[in-house]
Amino acid sequence: MAALNRFLSNVEKYICVTTFVVMLFLTFINIVSRYLLTMSLSFTKEIVTGLFVIASLAGSSIAIRDHSHLGLDFITSYFSKGAQRFLFVIANLLGIVFCAVVLYHGAIMVYHEWESGQVSATMQWPEWIYGMTVPVGALLLMLRYGVTIWQTVAAAPAREGQA
């Protein structure tokens, strides 16, 4: 499981760094073009929007890994450590269910885009290329939730023995 965790961490990092660098470059080129050449490179907006989706989902996966995603622990902080761990696992299982729904509907969306031959407005690229960011991101999130659950359950006896 540690190997999967390292692999996911590297994938998340690679996706975030690459997408942010490309988005920054394209946006900078568009701004320079707009102000120096007085013409906008409209294709950059289309690409940046697609990259933003996958960057957001990879960033969410990093937040899950680091336990820094939003959570309301006002009530659960009064529970025992075992109950908190149980609720944490339940919350992550619900995250997997949500991501499975997103994955399913995202895959259907991509299939329909591919089947209908839809192309993007500016670049005339197949729309399913942009659509793939949704199921790929959902799959990444599902894997991260699974690893988080595994780490929580596997570490539980060790923590209780130390307490």
Side-chain angles (χ1 to χ4, degrees), residues 1-27 45-116 118 120 125-163:
M1 194 55 67
L4 178 60
N5 186 32
R6 277 191 307 277
F7 174 75
L8 285 176
S9 294
N10 287 334
V11 168
E12 294 159 350
K13 182 172 47 176
Y14 177 76
I15 289 172
C16 284
V17 168
T18 303
T19 54
F20 282 122
V21 167
V22 172
M23 288 189 306
L24 181 66
F25 176 75
L26 289 174
T27 303
K45 181 180 176 186
E46 186 175 291
I47 295 171
V48 168
T49 302
L51 291 174
F52 184 76
V53 173
I54 193 67
S56 298
L57 293 170
S60 297
S61 185
I62 291 171
I64 293 166
R65 179 193 69 202
D66 296 341
H67 304 289
S68 61
H69 55 292
L70 288 177
L72 301 174
D73 63 352
F74 176 70
I75 295 173
T76 59
S77 63
Y78 294 107
F79 293 176
S80 68
K81 293 293 181 189
Q84 288 178 9
R85 190 171 39 257
F86 175 75
L87 292 173
F88 182 77
V89 169
I90 294 299
N92 283 285
L93 285 171
L94 290 172
I96 289 175
V97 170
F98 174 75
C99 290
V101 170
V102 171
L103 176 67
Y104 173 76
H105 288 288
I108 290 172
M109 175 189 72
V110 169
Y111 175 74
H112 288 303
E113 290 170 346
W114 177 74
E115 187 179 51
S116 67
Q118 285 181 313
S120 61
W125 286 356
E127 193 67 41
W128 64 266
I129 293 173
Y130 297 113
M132 280 298 292
T133 59
V134 174
V136 167
L139 182 62
L140 181 65
L141 285 168
M142 285 176 67
L143 289 171
R144 177 52 69 192
Y145 274 124
V147 168
T148 302
I149 291 171
W150 180 266
Q151 290 173 333
T152 302
V153 170
R159 276 191 244 138
E160 288 174 6
Q162 294 173 355

Discussion item. Testing the basics here: between Gly146 and Ile96, what is the closest heavy-atom pair and its distance to 0.1 Å?
Written reply: N-CD1, 3.9 Å
Worksheet item: Hey, what do you get for OH (Tyr14) to OG1 (Thr19), rounding to the nearest 0.5 Å?
Response: 10.0 Å
Discussion item. Return the CD to CD1 distance between Gln151 and Ile149, rounded to the nearest 0.5 Å.
Written reply: 11.0 Å
Item to complete: Mark yes when over 12 heavy atoms from residues, nucleotides or ligands other than Phe86 sit less than 6.0 Å from its CZ; otherwise mark no.
Response: no
Worksheet item: Which atoms form the tightest heavy-atom contact between Gln84 and Phe79, and what is the distance?
Response: NE2-O, 3.1 Å
Worksheet item: Partners of Glu46 by side chain to side chain donor-acceptor pair (under 3.5 Å), sequence neighbours excluded?
Response: Ser120, Thr122, Tyr130
Fill in: Separation of Phe88 CZ from Leu93 CG (nearest 0.5 Å)
10.5 Å
Item to complete: Compare all side-chain heavy atoms of Val89 with those of Val153 and state whether any distance is below 4.5 angstrom.
Response: yes
Fill in: Pairwise distance CD1(Ile15) to CD1(Ile62) - rounded to 0.5 angstrom
9.0 Å
Item to complete: Please report the shortest heavy-atom distance between Ala138 and Val102, naming the atom on each side.
Response: CB-CG1, 3.9 Å
Discussion item. For a 4.5 angstrom cut-off between non-hydrogen side-chain atoms, does Leu57 reach Leu140?
Written reply: no
Discussion item. Run the salt bridge (Lys or Arg N to Asp or Glu O under 4.0 Å) test against Glu12 and tell me which residues pass, sequence neighbours left out.
Written reply: Arg65, Arg144
Response to the item:
dist Tyr145:OH -> Leu94:CG (nearest 0.5 Å) comes out at 9.5 Å
Worksheet entry | Rounded distance (nearest 0.5 Å) linking atom CG of Leu26 with atom OG1 of Thr49 | 10.5 Å
Response to the item:
Smallest heavy-atom separation, Leu141 atom then Ser61 atom, equals CD2-N, 3.4 Å
Worksheet item: Can you pull the side chain to side chain donor-acceptor pair (under 3.5 Å) pairs that have at least one residue in residues 103-113, sequence neighbours excluded?
Response: Tyr111-Glu115
Item to complete: Specify the closest pair of heavy atoms between Thr152 and Thr148, including all atoms of both residues, with the distance to one decimal.
Response: OG1-O, 2.8 Å
Worksheet item: Are the side chain of Asn5 and the backbone of Met1 linked by a donor-acceptor contact shorter than 3.5 Å?
Response: no
Discussion item. Show the nearest heavy-atom pair for residues Met109 and Val134, with the distance to one decimal.
Written reply: CE-CG2, 4.2 Å
Worksheet item: Leu51 pairs by side chain to side chain contact (heavy atoms under 4.5 Å, CB included) with which of Val22, Val21, Thr18?
Response: Val22
Worksheet entry | Backbone N/O of Leu24 and side chain of Thr27: donor-acceptor pair under 3.5 Å | no
